[in-house]
Amino acid sequence: MVISLQLTEDPMSELIDTVIVFTARSPERIIREGGSQAWKLNPARAKSCEWLVCTQNRHHPDHNFSDATEQHGTAFMVARISDVTDRTDFGPGGRWKIAISEYAMVEVPNAWGHDRNPVRYSSLKNLGIDPNALDFQPMPKETDSAQTHSSTAPAKSLSIEDAKKMLAVTFGVKPDAIEITIRG
């Protein structure tokens, strides 16, 4: 006798509602940029999720890139995903931005599972987070965010050495391969 089972729905599909990222960026920067970016991820899978949970990476090797402010491994933000967009300005290779429409600050210690990949998929329930208990804030309008940042953030100078290091990370080359020309 042969018994055949046919699933009409994937029983795990209900559980996966969250993209969890391990980011070296601060909450302020994520809000200012309208989401978390330049991730290598499956865009279809990320678009099927409702939530983004940001966990803090305080050990990023490029200290010029990182502006982390939260405890290492702690989930510090839960946000509603509004879109997942291709970031072609980061070069070829499929980098993606997870745009958000609203966010709530949280503090869930040890939320990052020490995975090798800085992007994983799970659920708020598995993280012990109840979205109904959170105080969500709408994302600031881009013009408000840009004005606030330019008027309140101190001007930060950038050395040629630092610029070369950041560009080298972006393009996957050594800093010596970067030439910068300034015309005035």
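The first residue in the sequence is number 1, and the count goes up from there. Everything numeric here is computed off the predicted structure, so don't read it as measured data.
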Visitor: Between N42 and A44, what is the shortest heavy-atom contact and its length?
Guide: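 Smallest heavy-atom distance, with atoms named: OD1-N, 3.0 Å.
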
Visitor: Just do the ring-ring contact (aromatic ring centres under 6.0 Å, His included) check on F136 and W51 with the steps written out, would you?
Guide: CA-CA 12 Å; F136 283 94; W51 305 104; 5.5 Å; yes

Visitor: Compare every heavy atom of T74 with every heavy atom of P109, then report the nearest pair and how far apart it is.
Guide: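 Reported closest heavy-atom pair: CA-OG1, 3.7 Å.
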
Visitor: Let's go through T69 and Q56 carefully: what are the C-alpha distance in whole Å and the side-chain angles of both, what is the deciding distance for side chain to side chain contact (heavy atoms under 4.5 Å, CB included) to 0.1 Å, and is it a yes or a no?
Guide: CA-CA 8 Å; T69 57; Q56 193 72 86; 4.3 Å; yes

Visitor: Any chance you could measure W39, atom CH2, to L52, atom CG, to the nearest 0.5 Å?
Guide: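 So the gap between those two atoms works out to 9.0 Å.
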
Visitor: Starting at CD1 of I180, measure out to CD1 of I178 and round the result to the nearest 0.5 Å.
Guide: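 Going from CD1 on I180 over to CD1 on I178, the span is 7.0 Å.
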
Visitor: I98, I16: one ILVMFWY side-chain cluster at the under-4.5 Å cut-off?
Guide: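 Linked within one cluster.
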
Visitor: Of the non-hydrogen atoms in T55 and A75, which two are nearest, and what is the gap between them?
Guide: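 Heavy-atom minimum between the residues: CG2-CA, 3.7 Å.
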
Visitor: Is it true that atom CD of E107 has more than 12 heavy atoms of other residues, nucleotides or ligands lying nearer than 6.0 Å?
Guide: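 Check fails, neighbour count at 12 or below.
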
Visitor: Would you kindly confirm whether M139 and V106 end up in one hydrophobic cluster when ILVMFWY residues are joined by side chain heavy atoms under 4.5 Å apart?
Guide: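 In one cluster: no.
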
Visitor: Counting heavy atoms not belonging to N110, are there more than 12 under 6.0 Å from its CG?
Guide: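 No, the 6.0 Å shell around CG holds no more than 12 heavy atoms from other groups.
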
Visitor: Using salt bridge (Lys or Arg N to Asp or Glu O under 4.0 Å), reason through E70 and R58 one step at a time and then give a plain yes or no.
Guide: CA-CA 8 Å; E70 308 306 304; R58 294 288 298 237; over 6 Å; no

Visitor: May I ask you to check if R45 and Y121 form a cation-pi contact, with NZ or CZ under 6.0 angstrom from the six-membered ring centre and within 45° of the axis?
Guide: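 Output yes; distance and angle both within limits.
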
Visitor: Using side-chain contact (heavy atoms from CB on, under 4.5 Å) as the criterion, point out the one residue from I100, V53, V21 that pairs with M77.
Guide: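 When I100, V53, V21 are each tested with M77, the side-chain contact (heavy atoms from CB on, under 4.5 Å) holds only for I100.
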
Visitor: Mind listing the closest non-hydrogen atom pair of S36 and I30 along with its distance?
Guide: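 Of all heavy-atom pairs spanning S36 and I30, the closest is N-CG2, 4.2 Å.
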
Visitor: Between V108 and L127, is there shared hydrophobic-cluster membership here, with clusters defined by ILVMFWY side-chain heavy atoms closer than 4.5 Å?
Guide: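 Linked, V108 and L127 end up in one cluster.
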
Visitor: If we only count heavy atoms from C-beta on, is the Y103 to I31 side-chain gap below 4.5 Å?
Guide: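 Contact flag for Y103/I31 side chains = yes.
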
Visitor: Begin from the C-alpha positions of H72 and F22 and carry the test ring-ring contact (aromatic ring centres under 6.0 Å, His included) through to its verdict.
Guide: CA-CA 9 Å; H72 184 76; F22 190 49; 5.4 Å; yes

Visitor: Go through the steps to decide whether D115 and I20 satisfy the test side chain to side chain contact (heavy atoms under 4.5 Å, CB included), and finish with yes or no.
Guide: CA-CA 11 Å; D115 299 302; I20 305 168; over 6 Å; no

Visitor: Count the heavy atoms of every other residue, nucleotide or ligand shown that sit under 6.0 Å from CD of E50, and state whether that count exceeds 12.
Guide: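 Above 12, so yes.
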
Visitor: Measuring only between side-chain heavy atoms, which start at C-beta, is I129 closer than 4.5 Å to L134?
Guide: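 A side-chain contact under 4.5 Å exists here.
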
Visitor: Drop me the distance from L41's CG to K47's NZ, to the nearest 0.5 angstrom.
Guide: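 Result: 10.0 Å between the selected atoms.
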
Visitor: Between S26 and D67, is any side-chain donor less than 3.5 angstrom from a side-chain acceptor?
Guide: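 Side-chain D/A pair, S26 to D67: present.
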
Visitor: Taking all atoms of both residues into account, what is the closest heavy-atom pair of C54 and T23, and its distance?
Guide: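 Taking every non-hydrogen atom into account, CB-CG2, 4.2 Å.
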
Visitor: Looking only at heavy atoms, what is the nearest atom pair of D17 and S123, with distance?
Guide: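 Heavy atoms only, the tightest pair is OD1-CA, 2.9 Å.
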
Visitor: First locate atom OG1 of T85, then atom CH2 of W96, and finally report the distance between them rounded to the nearest 0.5 Å.
Guide: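 Here the interatomic distance stands at 8.0 Å.
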
Visitor: Could you walk me through whether V84 and K97 satisfy the side chain to side chain contact (heavy atoms under 4.5 Å, CB included) test, starting with their C-alpha distance in whole Å, then the side-chain angles of each, then the deciding distance to 0.1 Å, before giving a yes or no?
Guide: CA-CA 6 Å; V84 177; K97 176 181 178 180; over 6 Å; no

Visitor: Any chance you could lay out the side chain to side chain contact (heavy atoms under 4.5 Å, CB included) test for V19 and V119, step after step, and finish with the verdict?
Guide: CA-CA 7 Å; V19 180; V119 177; 3.9 Å; yes

